[in-house]
There are 2 protein chains.
Amino acid sequence: MELIDVFKALSNETRLNILQWLKEPEKHFPKQGAHLPKEVSIKGGVCVGDIQEKAKASQSTVSHYLNMMQKAGLLESVRYGQWTYYRRNEDFIRQLAEYFQTEI
Amino acid sequence: MELIDVFKALSNETRLNILQWLKEPEKHFPKQGAHLPKEVSIKGGVCVGDIQEKAKASQSTVSHYLNMMQKAGLLESVRYGQWTYYRRNEDFIRQLAEYFQTEI
DNA sequence: ATTGTATATCGCTTTTTTTCGATATGTCAA
DNA sequence: TTGACATATCGAAAAAAAGCGATATACAAT
């Protein structure tokens with residue numbers, strides 16, 4: 001785990017927002033999963049376009065953010081057709097919170 | 001609490017080290033508190049010079065780091081004569097860990 | 001095959017952060 | 001009050017990150 005990359009990923013308002021939106025995807029992305037079948041949408045993945053729209057940043061910026069957050073371990077992605085769905089990596093985040101409590 | 005400033009403060013190896021060194025000052029700063037009386041040293045404060053020496057960065061850089069970490073809430077300082085002693089703000093850090101667990 | 005759409009990547013400029021040496025401030029001791 | 005020392009602040013150069021439009025890639029549908 002590259003702890004510093006995690007903290008860097010969290011050092012930005014928009015990225016922090018994205019992480020929190022993805023805690024409750026159905027709440028923050030009402031039209032979520034208009035495309036794909038349940039077995040994907042049910043897991044709380046949201047596609048880049050939907051995230052971009054809400055984040056109000058350019059497509060390339062949001063794509064970059066999501067990639068960065070995934071590399072840090074905070075997110076995971078599933079590609080489904082032409083869409084890439086991102087969701088929180090809850091296991092990692094749970095571990096992280098534990099680590100934070102004991103080691104920071 | 002400016003969460004982002006906290007994460008920024010944690011996004012640097014040296015600063016992260018300092019925070020961890022200060023968990024066990026007597027272990028990492030053996031000659032700690034050569035100066036000041038117990039009522040200060042007992043609280044785990046370490047002076048800038050000692051931290052600088054261990055961190056192997058310039059005096060101005062370390063001073064800047066410490067200031068940044070204090071502004072973020074992670075550290076608190078006590079001035080004693082010509083020395084400034086920094087120690088962890090454990091209350092804040094505990095709160096932070098809790099926040100992390102529930103909100104991130 | 002071609003067109004349209006979603007996402008990723010590239011190249012670039014702007015902004016922010018890092019880091020330092022120099023200098024200022026504050027304190028102690030002679 | 002002068003000199004020595006600890007720390008803070010200033011100003012600037014270098015490095016890194018942010019953020020965009022343009023372009024590439026990958027897939028879908030016609």
Side-chain angles (χ1 to χ4, degrees), chain A residues 2 4-19 22 29 31-37 40-41 45-72 74-87, chain B residues 2 4-19 22 29 31-37 40-41 45-72 74-87:
Chain A
E2 287 309 329
I4 287 178
D5 291 336
V6 175
F7 288 135
K8 278 186 188 167
L10 296 172
S11 297
N12 174 285
E13 185 112 41
T14 302
R15 289 191 298 260
L16 216 44
N17 283 337
I18 290 172
L19 196 62
L22 290 178
F29 304 94
K31 56 179 193 185
Q32 180 233 9
H35 339 282
L36 78 179
V40 180
S41 90
V46 178
C47 74
V48 180
D50 289 355
I51 298 173
Q52 185 209 336
E53 191 179 337
K54 197 167 169 69
K56 292 185 188 351
S58 78
Q59 191 271 323
S60 57
T61 296
V62 171
S63 180
H64 181 215
Y65 281 177
L66 295 170
N67 185 256
M68 171 185 315
M69 293 168 83
Q70 177 171 30
K71 274 186 181 153
L74 295 163
L75 299 183
E76 51 194 9
S77 68
V78 186
R79 188 161 243 273
Y80 206 87
Q82 45 193 149
W83 292 276
T84 305
Y85 290 81
Y86 283 91
R87 62 173 177 238
Chain B
E2 285 310 328
I4 286 179
D5 291 335
V6 174
F7 288 135
K8 280 187 186 169
L10 296 172
S11 297
N12 173 285
E13 185 112 43
T14 302
R15 290 193 295 263
L16 216 44
N17 283 336
I18 290 172
L19 197 62
L22 290 177
F29 305 93
K31 56 178 192 183
Q32 180 233 9
H35 337 281
L36 79 180
V40 179
S41 91
V46 178
C47 74
V48 179
D50 289 356
I51 297 172
Q52 186 210 335
E53 192 179 338
K54 197 166 171 68
K56 291 186 188 356
S58 78
Q59 190 271 322
S60 57
T61 297
V62 172
S63 180
H64 182 212
Y65 281 178
L66 294 170
N67 185 255
M68 174 186 314
M69 292 168 83
Q70 177 171 30
K71 275 187 181 152
L74 295 163
L75 300 183
E76 52 194 10
S77 68
V78 185
R79 189 158 242 274
Y80 206 87
Q82 45 192 151
W83 292 277
T84 306
Y85 290 81
Y86 283 91
R87 62 171 177 240

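By convention in this document, chain letters (A, B, ...) are assigned in the order of the sequence lines, proteins followed by strands, and residues within each chain are numbered from 1. In this text the structure is predicted, and so the values were computed from the model without any measurement.
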- [ ] Would you kindly give the CD-to-P distance between Glu13(A) and dT16(C), to the nearest whole Å?
- [x] 14 Å

Open item on the list: Base contacts versus sugar-phosphate-only contacts with protein, heavy atoms under 4.0 Å: please encode nucleotides 23-30 of chain D as B, S and - from 5' to 3'.
Closed with: ----BS--

Open item on the list: Tell me if the side-chain of Ser60(B) makes a donor-acceptor pair with the base of dG21(C), cut-off 3.5 Å, by modelled atom types.
Closed with: yes

Open item on the list: Expressed as a whole number of angstroms, how long is the span from Met68(B):CE to dT16(C):P?
Closed with: 15 Å

Open item on the list: Five pairs per end, C1' atoms only: what is the angle between the end axes of the helix from dA1(C)-dT30(D) to dA30(C)-dT1(D), to 10 degrees?
Closed with: 20°

Task: Rounded distance in Å - CG (Asp5(A)) to P (dA18(D)) - done: 11 Å

TODO: Find the distance between OH (Tyr86(A)) and CG (Asn67(A)) and round it off to the nearest 0.5 Å.
DONE: 5.5 Å

Task: Value rounded to 0.5 Å, distance of NZ in Lys8(A) from CE in Met68(A) - done: 9.5 Å

TODO: Please figure out whether Val62(A) or Gly49(B) has its closest DNA chain D nucleotide nearer the 5' end.
DONE: Gly49(B)

Open item on the list: Rounded to whole Å, please give me the gap between CG in Asp50(A) and C1' in dT7(C).
Closed with: 13 Å

- [ ] Using a 4.0 Å heavy-atom cut-off across all strands, classify Thr84(B) as base, sugar-phosphate, or nothing.
- [x] sugar-phosphate

Task: Minimum heavy-atom distance Ile4(A)-Asn12(B), with the two atoms named - done: CD1-C, 3.7 Å

TODO: Take the protein atom CG of Asn67(A) and the nucleotide atom P of dA17(D), then report the distance between them rounded to whole Å.
DONE: 14 Å

Task: Distance in Å, Thr84(A) OG1 paired with Arg79(A) CZ, rounded so as to fall on 0.5 Å steps - done: 4.0 Å

Open item on the list: Taking only side-chain N and O atoms of Tyr86(A), does any of them lie within less than 4.0 angstrom of OP1 or OP2 on dA6(C)?
Closed with: no

TODO: Taking all non-hydrogen atoms of both residues into account, name the closest pair between Leu10(B) and Phe7(A) and its distance.
DONE: O-CD1, 3.4 Å

Open item on the list: With rounding to the nearest 0.5 angstrom, report the CD to OG1 distance, Gln52(B) to Thr61(B).
Closed with: 8.5 Å

Task: Point-to-point distance, once rounded to the nearest 0.5 Å, from OH of Tyr85(B) to CG of Asp50(B) - done: 7.5 Å

Task: Distance, rounded to the nearest Å, where Asn12(A) contributes CG and dT17(C) contributes P - done: 11 Å

- [ ] Work out which heavy atom in Ile51(A) is nearest to a heavy atom in Phe29(A); give both atom names and the distance.
- [x] CA-CE2, 3.8 Å

TODO: Check the distance between dT7(D)'s P and Ile51(B)'s CD1 and give it to me in whole angstrom.
DONE: 9 Å

Task: Distance below 4.0 Å between Thr61(B) side-chain N/O and dT19(C) OP1 or OP2 - done: no

- [ ] Report the distance from atom CD of Glu13(A) to atom CG of Asn17(A), rounding to the nearest 0.5 Å.
- [x] 5.5 Å

- [ ] Please state how far atom CE in Met69(B) lies from atom P in dA8(D), giving the value in whole angstrom units.
- [x] 14 Å

